[in-house]
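Letters A, B, ... are given to chains in the order of the sequence lines, protein chains preceding strands, and every chain is numbered from 1. Heavy atoms only: backbone and side chains are in, while hydrogens, waters and symmetry mates are out. What you are looking at is a predicted structure, and each value in this text was computed from that prediction instead of being measured.
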There are 2 protein chains.
Amino acid sequence: MNIGDVAKRTNLRAKTIRYYEDIGLVTPLRDTNDYRVFRDSDLHKLTFLARARALGFTIDDCRALLTLYEDETRASSDVKEIANKHLEEIEAKIIDLQAMHATLTHLAQECAGDHRPDCPILEGLSGGDRNPSNEAG
Amino acid sequence: MNIGDVAKRTNLRAKTIRYYEDIGLVTPLRDTNDYRVFRDSDLHKLTFLARARALGFTIDDCRALLTLYEDETRASSDVKEIANKHLEEIEAKIIDLQAMHATLTHLAQECAGDHRPDCPILEGLSGGDRNPSNEAG
DNA sequence: ATGCAGGGTTCCAGTGAGGGGAAGGTCAAG
DNA sequence: CTTGACCTTCCCCTCACTGGAACCCTGCAT
């Protein structure tokens, strides 16, 4: 199978697949014309990678997960550890974003949003009343 | 004021402040020894930038906000528009992260996490049962 | 045989928002 | 005069790709 077909089946872009080969995540064969030739096993790996990336795992995590995926003697605890670590990072990001959202919503609510220059958003950013992040770091 | 003092007061790193000068967000004066000399107005700008960045605004948004901040004849609607656009982006990110979190939590819950190789997480990633992202794109 | 569209290949450069670190100049204190 | 803490510029590195140039290959119609 050529790279274009693999791209369609995995919903990855050809560029991305080449990149994944570059960094050693997959190693397709080569035809006599230098075209990449993907076996079923390559397709499985790339599908796996696409799903792991869609869940937000870093490439490094994906590499580790792929190694575990291919290791029949793995311990599921190793997989779960990676997953739990990632879950914690996701939670931290959500909390950060929710804090930003709350602060910015508060500021935006107080802003008239008309032709006048008075703007509580700018006042808040310039250090006016409330602290958008942490003042005492 | 030298860059180190400004860094302490703004909670920005010296590297970041130099970068902000590089991309034209601030333009401190220079002493005879080439040291940057920051005026109060520079300090205000950098404080503003630090807060805006802490709220997740991109550098481009920060530049626009800073321009509005300095423009006494601005319309607050221009500020609010940037803020609302950013709020939407934050909301979209939160939704994405929550979806990832839900899927991964579900997979992790079903994983024993012991010495055995059986792992619903890996099965889910390899395309086993549920779709982690969108199957029909 | 030729033309062309639509694959494929490599390589280089850029993204955002800085970070790391080298090599060197400057300043205040002892 | 030396030490250590500053400051300067410069260049490469990050992460996970993306875009584009320049070129080769394939299949089909003419």
Rounded off to whole Å, could you give me the [atom1]-to-[atom2] distance for the [X] and [N] pair?
X	N	atom1	atom2	answer
B:Asp5	D:dC6	CG	P	9 Å
B:Ile17	D:dT8	CD1	P	10 Å
B:Asn2	C:dG25	CG	C1'	14 Å
A:Ile59	D:dC13	CD1	P	19 Å
B:Asp31	C:dG25	CG	P	18 Å
A:Leu49	D:dC15	CG	P	17 Å
A:Met1	D:dT26	CE	P	19 Å
A:Leu12	D:dC17	CG	P	8 Å

Would you mind telling me which residue lines up with the more 5' stretch of DNA chain C, A:Lys8 or B:Phe57, judged by nearest nucleotide?
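Upstream on the strand: A:Lys8.
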If you pin A:Arg18 and B:Asp60 to their nearest nucleotides in DNA chain C, which one's is more 5'?
A:Arg18
Under 4.0 Å between any heavy atoms, over every strand shown, what does B:Ile3 touch: base, sugar-phosphate, or nothing? Just pick one.
sugar-phosphate
Students often get this wrong, so: under 4.0 angstrom with heavy atoms, is B:Arg36 touching a base, only sugar-phosphate, or nothing?
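B:Arg36: backbone/sugar contact only, no base atoms under 4.0 Å.
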Using the side-chain heavy atoms of B:Tyr19, tell me which of these nucleotides is nearest: C:dT9, C:dA17, D:dC17.
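So the side chain of B:Tyr19 is nearest to C:dA17.
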So if I take every side-chain heavy atom of A:Lys15 and compare against C:dG18, D:dC17, D:dG20, which nucleotide ends up nearest?
D:dG20
Would you check if the side chain of A:Arg13 reaches a backbone N or O of A:Ile17 as a donor-acceptor pair within less than 3.5 Å?
no
Any side-chain to backbone donor/acceptor pair from B:Asn2 onto B:Gly4? Under 3.5 Å, distance only.
no
If you assign each of A:Tyr20 and A:Asn33 to its closest nucleotide in DNA chain D, which residue comes earlier from the 5' end?
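The residue closer to the strand's 5' end, by nearest nucleotide, is A:Tyr20.
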Contact nearer the 5' end of DNA chain D, comparing A:Thr16 with A:Tyr35:
A:Thr16
B:Glu89/B:Lys85 salt bridge by N-O under 4.0 Å criterion:
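Yes, this pair counts.
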Does the pair B:Asp96/B:Lys93 count as a salt bridge with the N-to-O cut at 4.0 Å?
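No, this pair does not count.
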Using a cut-off of less than 4.0 Å, is there contact between a side-chain N or O of B:Arg30 and OP1 or OP2 of D:dT9?
yes
Do any side-chain nitrogens or oxygens of B:Arg53 fall under 4.0 Å of OP1 or OP2 in C:dG16?
no
Taking the inter-plane angle between the rings of B:Tyr69 and B:Phe48 on a 0 to 90° scale, is it parallel (under 30°), tilted (30 to 60°) or perpendicular (over 60°)?
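Geometry flag for B:Phe48 against B:Tyr69: parallel rings.
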